[in-house]
There are 2 protein chains.
Amino acid sequence: MGTKETREHSGTEQAIMEAAEELFLENGYNLTTTTMIAKKAGVTHAMLHYYFRTKEHIFVKVLDKNMEELLASFYPVMRKDAPFWESLETGISTHFDFLMKHPKLPTFLYDTVRFNPELMDSYKGRIRETVSRIVRFHCKLIQEEIDKGRICRIDPLQLVLDIATLNLSAFMMIPVATGMFPEMGSGMAEEILKSRKEEIIALVRARLYGRLEETQHDTKTI
Amino acid sequence: MGTKETREHSGTEQAIMEAAEELFLENGYNLTTTTMIAKKAGVTHAMLHYYFRTKEHIFVKVLDKNMEELLASFYPVMRKDAPFWESLETGISTHFDFLMKHPKLPTFLYDTVRFNPELMDSYKGRIRETVSRIVRFHCKLIQEEIDKGRICRIDPLQLVLDIATLNLSAFMMIPVATGMFPEMGSGMAEEILKSRKEEIIALVRARLYGRLEETQHDTKTI
DNA sequence: GTATTGTTTAACAACGGTGTTAAACACGCG
DNA sequence: CGCGTGTTTAACACCGTTGTTAAACAATAC
């Protein structure tokens with residue numbers, strides 16, 4: 001059953017990292033014990049302290065790996081090599097597809113920010129930078145389109161929040177859905193997520209292009 | 001400093017419950033210790049076990065209280081005493097305002113469902129019932145409006161998901177925002193939430209009424 | 001005053017989690 | 001073989017958490 005025999009000395013470190021990543025992504029820092037990691041990796045818990053001195057070291061390694069992937073994933077979102085809407089749509093779509101490949105990332109980071117914010121400190125700067133770049137990027141594009149009268153007036157920050165929260169919450173709902181309605185397997189979830197993506201895009205498009213004349217009542221541009 | 005002197009014997013139970021509610025709502029079950037509750041209530045931790053035998057008992061009391069409020073909050077959402085859109089808009093608004101009064105409820109229940117689902121077991125039935133009633137309620141109304149050609153075709157489940165996730169994530173973002181951008185105090189948050197509510201309503205309205213002819217390409221009704 | 005009852009305290013037991021250490025083990029090299 | 005290096009094990013120390021208990025305390029009734 002164990003993977004012990006297929007791994008000569010020093011697949012160990014790898015095995016620990018894999019087990020740790022899986023558990024940390026699922027349960028967060030506080031609810032993952034070094035014993036759980038050791039058990040899942042098929043080693044004694046003393047090994048964790050031999051390879052990585054502390055639990056925190058292991059966590060930071062997992063966090064680093066995932067944060068790099070996350071931050072990298074934002075760059076393709078800010079390309080402008082097509083007309084406004086196509087560009088925005090592929091941006092949403094790309095972001096959604098990234099989350100599809102890392103469905104546990106949103107809850108993982110959510111947990112970390114809430115319960116171990118100090119572990120995120122080293123990333124605060126880059127995150128703020130990235131967020132402000134995204135907002136500024138879209139501010140500019142949106143303002144251009146508004147000026148041309150092609151879309152309705154909207155606060156770009158609100159639009160970014162719309163897209164981000166819709167995409168993220170689609171994945172953050174998964175634990176709720178499976179916990180509350182266990183009869184739907186993960187196969188069902190995949191189907192729902194696909195239609196969710198279509199819906200989110202439809203929603204944003206309607207928001208921008210629907211009823212140009214009426215929708216500009218109370219949203220203010222910053 | 002303590003509140004001890006203002007409370008004669010047996011404000012204790014009350015004090016414990018209040019401390020417990022605050023801490024459980026903030027940190028969830030696993031990350032709240034009985035010692036923390038005792039300290040916040042200004043009593044020794046043995047008192048918790050004297051009044052409520054176990055930590056779980058205290059938690060269940062807090063959970064019960066909040067679940068009752070939550071479930072009750074869904075009924076006013078399903079009134080139909082006005083035209084379709086006004087009715088839906090006040091539904092969204094009512095739901096949002098409820099969350100405004102209980103801003104920590106979403107994360108609290110989210111944590112509980114993910115990490116202590118067994119504590120939610122007693123509510124599973126009522127939750128499923130409520131969810132399915134809401135979906136059925138809106139299914140009917142939406143189908144009527146679609147048949148009359150007043151709104152564009154849309155899967156009612158997706159619309160309910162849109163509204164629910166937009167409203168919920170507005171509040172679930174708060175810990176992220178304050179954790180990541182501590183310079184914005186809770187006063188700022190209030191402002192943002194107010195504009196968020198307007199934006200969510202605008203989004204849903206545009207989704208339903210914008211570009212009737214084009215939007216019905218790939219959303220399928222169940 | 002004393003007995004009774006309910007409340008509070010302080011000390012303790014049991015457990016699980018993190019991290020350490022010394023000894024056992026495996027392996028390549030002289 | 002014997003030696004050194006790197007790896008693994010098992011036992012342990014330490015701490016925080018939950019829950020118990022016996023004794024101290026307060027208040028009321030007799």
Side-chain angles (χ1 to χ4, degrees), chain A residues 1-63 111-112 114-116 118-119, chain B residues 1-63 111-112 114-116 118-119:
Chain A
M1 277 306 161
T3 56
K4 218 185 247 167
E5 60 285 348
T6 66
R7 155 172 52 84
E8 26 261 8
H9 74 251
S10 111
T12 307
E13 187 169 348
Q14 178 79 359
I16 292 172
M17 276 303 295
E18 281 166 20
E21 174 154 27
E22 215 170 308
L23 289 168
F24 279 136
L25 278 172
E26 186 72 28
N27 306 322
Y29 182 80
N30 301 290
L31 298 183
T32 303
T33 69
T34 54
T35 318
M36 286 163 66
I37 299 175
K39 192 176 172 190
K40 181 155 212 155
V43 301
T44 58
H45 87 277
M47 296 309 295
L48 309 207
H49 299 291
Y50 174 71
Y51 282 102
F52 317 83
R53 301 163 38 70
T54 67
K55 176 183 172 183
E56 191 173 317
H57 284 358
I58 309 178
F59 183 82
V60 169
K61 275 215 163 191
V62 172
L63 182 64
D111 291 341
T112 306
R114 284 201 303 149
F115 299 122
N116 310 89
E118 71 283 1
L119 297 174
Chain B
M1 277 306 158
T3 57
K4 217 185 251 169
E5 60 284 349
T6 67
R7 155 171 49 81
E8 25 261 11
H9 74 250
S10 113
T12 307
E13 185 169 349
Q14 178 79 358
I16 293 172
M17 276 304 294
E18 281 166 20
E21 173 155 28
E22 215 170 309
L23 289 168
F24 278 136
L25 278 172
E26 186 73 28
N27 308 320
Y29 183 80
N30 300 292
L31 298 182
T32 303
T33 68
T34 54
T35 316
M36 288 164 64
I37 299 174
K39 192 176 172 190
K40 180 154 213 157
V43 299
T44 57
H45 86 278
M47 295 309 294
L48 309 207
H49 299 292
Y50 173 71
Y51 282 102
F52 318 83
R53 299 163 40 70
T54 65
K55 175 181 172 184
E56 191 173 316
H57 283 358
I58 308 177
F59 183 83
V60 168
K61 275 215 162 191
V62 172
L63 182 64
D111 292 340
T112 306
R114 284 202 303 150
F115 299 122
N116 310 90
E118 72 283 1
L119 297 174

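All values reported here derive from a predicted model rather than from experimental measurement.
- Proximity of B/Tyr51 to the phosphate of C/dT8: a side-chain N or O atom is located under 4.0 Å from OP1 or OP2.
- Expressed to the nearest 0.5 Å, how far NE2 of B/His57 lies from NE2 of B/His49 amounts to 11.5 Å.
- The nearest whole Å value for the distance from the CD1 atom in A/Ile16 to the P atom in D/dT9 is 10 Å.
- When each of B/Leu31, B/Leu63, B/Ile37 is paired with B/Phe24, the side chain to side chain contact (heavy atoms under 4.5 Å, CB included) condition holds for B/Ile37 and for no other.
- When side chains are defined from C-beta on, A/Asn116 counts as touching A/Asn30, because their heavy atoms get closer than 4.5 Å.
- Counting only heavy atoms from C-beta on, A/Thr35 has its side chain closest to C/dG17 among D/dT18, C/dT8, C/dG17.
- Nearest to the side-chain atoms of A/Tyr50 among the listed nucleotides D/dT18, D/dT8, C/dT9 stands D/dT8.
- Distance, A/Lys55 NZ to C/dT18 P: 5 Å, rounded to whole Å.
- Scanning atom types as modelled, no donor and acceptor separated by under 3.5 angstrom connect the side chain of A/His45 and the base of C/dG17.
- As rounded to whole Å, 13 Å separates atom C1' of C/dT18 from atom CG of A/Asn30.
- Regarding A/Tyr29, its OH atom lies at a distance of 14 Å from the P atom of C/dG17, rounded to whole Å.
- Computed from coordinates, the B/Leu23 CG to D/dT18 P distance equals 12 Å when rounded to whole Å.
- Between the CG atom of B/Leu48 and the P atom of C/dT8 there is a distance of 12 Å, given to the nearest Å.
- Residue A/Ala46 places its side chain closer to D/dA10 than to any other of D/dT7, D/dG19, D/dA10.
- Taking 4.0 angstrom as the limit, B/Thr34 places none of its side-chain polar atoms (N or O) nearer than this to OP1 or OP2 of D/dT17.
- Following rounding to the nearest Å, A/Glu56 (CD) and C/dG17 (C1') show an atom-to-atom distance of 16 Å.
- Among the nucleotides D/dG19, D/dT9, C/dT18, the one closest to any side-chain atom of A/His49 is C/dT18.
- In this structure, CE on A/Met17 lies 6.0 Å from NZ on A/Lys61, to the nearest 0.5 angstrom.
- Regarding contacts with the backbone of C/dT8, a side-chain N or O of B/Thr12 is found under 4.0 angstrom from either OP1 or OP2.
- For the atom pair A/Leu48 CG and A/Met36 CE, the distance stands at 12.0 Å (nearest 0.5 Å).
- Whole-Å rounding puts the A/Phe52 CZ to C/dG19 C1' distance at 15 Å.
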